[in-house]
Structure formats: structure tokens, C-alpha cells
Amino acid sequence: DAGVIQSPRHEVTEMGQEVTLRCKPISGHDYLFWYRQTMMRGLELLIYFNNNVPIDDSGMPEDRFSAKMPNASFSTLKIQPSEPRDSAVYFCASSLSLGIGYTFGSGTRLTVV
Amino acid sequence: SQQGEEDPQALSIQEGENATMNCSYKTSINNLQWYRQNSGRGLVHLILIRSNEREKHSGRLRVTLDTSKKSSSLLITASRAADTASYFCATDGIQGAQKLVFGQGTRLTINP
């Protein structure tokens with residue numbers, strides 16, 4: 001298995017533009033998580049899905065952020081409109097169940113200028 | 001708010017020495033996990049210890065858990081340059097929610 005695959009690896013965009021981050025979880029993993037990592041706030045859980053259904057989106061910072069999981073092999077995190085304070089590394093992770101280790105992707109480094 | 005807090009924030013030792021990192025948390029947990037993050041990469045799961053366990057080993061890693069003190073430690077024995085990374089503890093079971101919450105991490109540098 002190729003692991004959790006995220007794209008793009010790097011994204012530079014102008015303030016106000018729409019940004020879409022993509023994630024392909026490990027096949028068979030029922031849980032998918034989106035985290036954001038910054039120096040100031042560390043790793044924050046934004047949202048997680050179970051069997052493609054959003055379970056907890058309490059970490060989504062505001063309405064500009066949305067996440068979808070149309071099928072078991074694909075998820076997107078969208079920011080519209082983007083702002084400089086959204087600059088961070090966004091990680092996707094998947095797992096077979098809760099209470100076990102997660103497998104993380106390599107992340108997408110987002111820079112909003 | 002962060003559940004796990006690592007200590008120290010940064011640690012620098014010589015190759016071959018042992019490295020110990022500590023993690024404290026605030027509320028009851030189901031399990032505690034340790035992850036490693038190399039610069040510019042994703043997190044890699046190292047070891048999981050359940051709330052009813054006190055110690056666990058995996059290769060050169062030794063993890064302890066003291067639920068009475070709400071603390072855990074990660075010991076890396078005979079450190080190598082390749083162990084240079086950030087190490088994070090993560091806990092779940094906060095107020096019934098099972099999502100994993102990470103601490104701020106310890107930056108470990110192994111000097112050759």
C-alpha cells in the first residue's frame with residue numbers, strides 16, 4: 001500500500017482565492033482525519049469522518065472551511081476564501097478504527113499571500 | 001486546549017546516549033500514543049499504551065504510563081543520528097470523545 005496520499009505537497013495562493021486539498025486514505029481504513037499544524041497552535045484536529053460520514057467538525061475554524069468525503073477513497077478540504085492566517089501544513093490521516101495508531105500523509109504546506 | 005504537554009520542548013544529546021521525553025495530560029484517557037515527525041514529513045506512529053498498562057517496549061523504545069500522575073515517558077536507548085526528529089504524545093478519551101489530541105512535541109537532536 002502506498003500509504004495516505006495527499007496532494008498537492010505545496011500550495012501558494014493569493015488571499016481570497018479558493019484552495020482545495022486532497023487526500024486518499026489507505027484502502028480499508030474506515031476513519032479519516034484532517035489536522036492542521038502551525039508553530040503557534042501545534043497539531044489541531046479539524047474534522048474526522050467514519051465511513052465517509054463527518055462525525056466531528058468542531059475543530060473547523062470557521063465557515064470558510066469545508067470538508068467532504070464523497071467515497072471511501074477520497075476526501076477534500078476546501079478553504080474559500082483563503083486568508084494569510086490559514087497558512088499552515090495540513091495533514092490527512094486514516095485508521096482502521098479509533099483507539100489505534102493513525103497513518104499520516106506527508107502533508108500539504110499551504111501559503112496564503 | 002491541548003491535552004498532552006511534552007517536556008522538555010527541546011533536547012540535544014550525543015549519539016549513543018539515552019533520550020527521555022515526558023508527557024503530561026489533564027483528563028482520563030483510553031490510551032496514549034507516541035509519534036515521531038521528521039522535518040518536513042508526516043507523523044509516524046511509534047507505540048500505543050493503554051490506560052491499564054504501565055510499561056511497553058518496542059525495539060529501542062520504552063514507554064511508561066502513570067495514570068495516577070497523568071503522565072507518560074518515552075525513552076529512546078542508544079540514540080542514533082537518525083532519531084533526530086520531533087516527538088509527540090497524543091491522547092484520546094477526552095470527555096467521552098475518542099478523537100486523538102496531540103501535544104506540542106519535543107524537538108530531539110542527536111549530535112554525532
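The sequence lines fix the lettering, A, B, ..., with proteins before strands; numbering per chain opens at 1.
Annotation: the span from B/F102 atom CZ to A/E44 atom CD amounts to 12.5 Å, rounded to 0.5 Å. In this structure, CG on B/L100 lies 9.5 Å from CG on A/L43, to the nearest 0.5 angstrom. In this structure, CG on B/D92 lies 11.0 Å from CD1 on A/I100, to the nearest 0.5 angstrom.
No more than 12 heavy-atom neighbours from other residues, nucleotides or ligands sit within 6.0 angstrom of CD on B/Q9. At most 12 heavy atoms of other shown residues, nucleotides or ligands fall within 6.0 angstrom of atom CZ in B/R80. Atom NZ of A/K68 has 12 or fewer heavy atoms from other residues, nucleotides or ligands within 6.0 Å. The number of heavy atoms from other shown groups lying within 6.0 Å of CD (A/E14) does not exceed 12. Other residues, nucleotides and ligands place no more than 12 heavy atoms under 6.0 Å from the CG atom of A/D63. At most 12 heavy atoms of other shown residues, nucleotides or ligands fall within 6.0 angstrom of atom CZ in B/R41.
In terms of heavy-atom proximity, B/Q37 sits nearest to A/F91 at NE2-CZ, 3.4 Å. B/Y35 approaches A/F104 most closely through the heavy-atom pair CE2-CE1, 3.9 Å.
For a residue to count as touching a neighbouring chain, one of its non-hydrogen atoms must lie under 4.5 Å from one of that chain's; by this rule A/Q6 does not touch chain B. With a 4.5 angstrom heavy-atom cutoff, A/Y35 touches chain B only via side-chain atoms. With a 4.5 angstrom heavy-atom cutoff, B/L43 touches chain A via backbone and side-chain atoms both. Only the side chain of A/S58 comes within less than 4.5 Å of a heavy atom of chain B; its backbone N, CA, C and O stay farther away.
Looking only at heavy-atom pairs under 4.5 Å with chain B, the residue among A/R109, A/Q37, A/R9 that has the most is A/Q37.
When the side chains of ILVMFWY residues are joined at heavy-atom separations under 4.5 Å, either directly or via intervening members, A/V89 and A/M60 end up in two distinct hydrophobic clusters.
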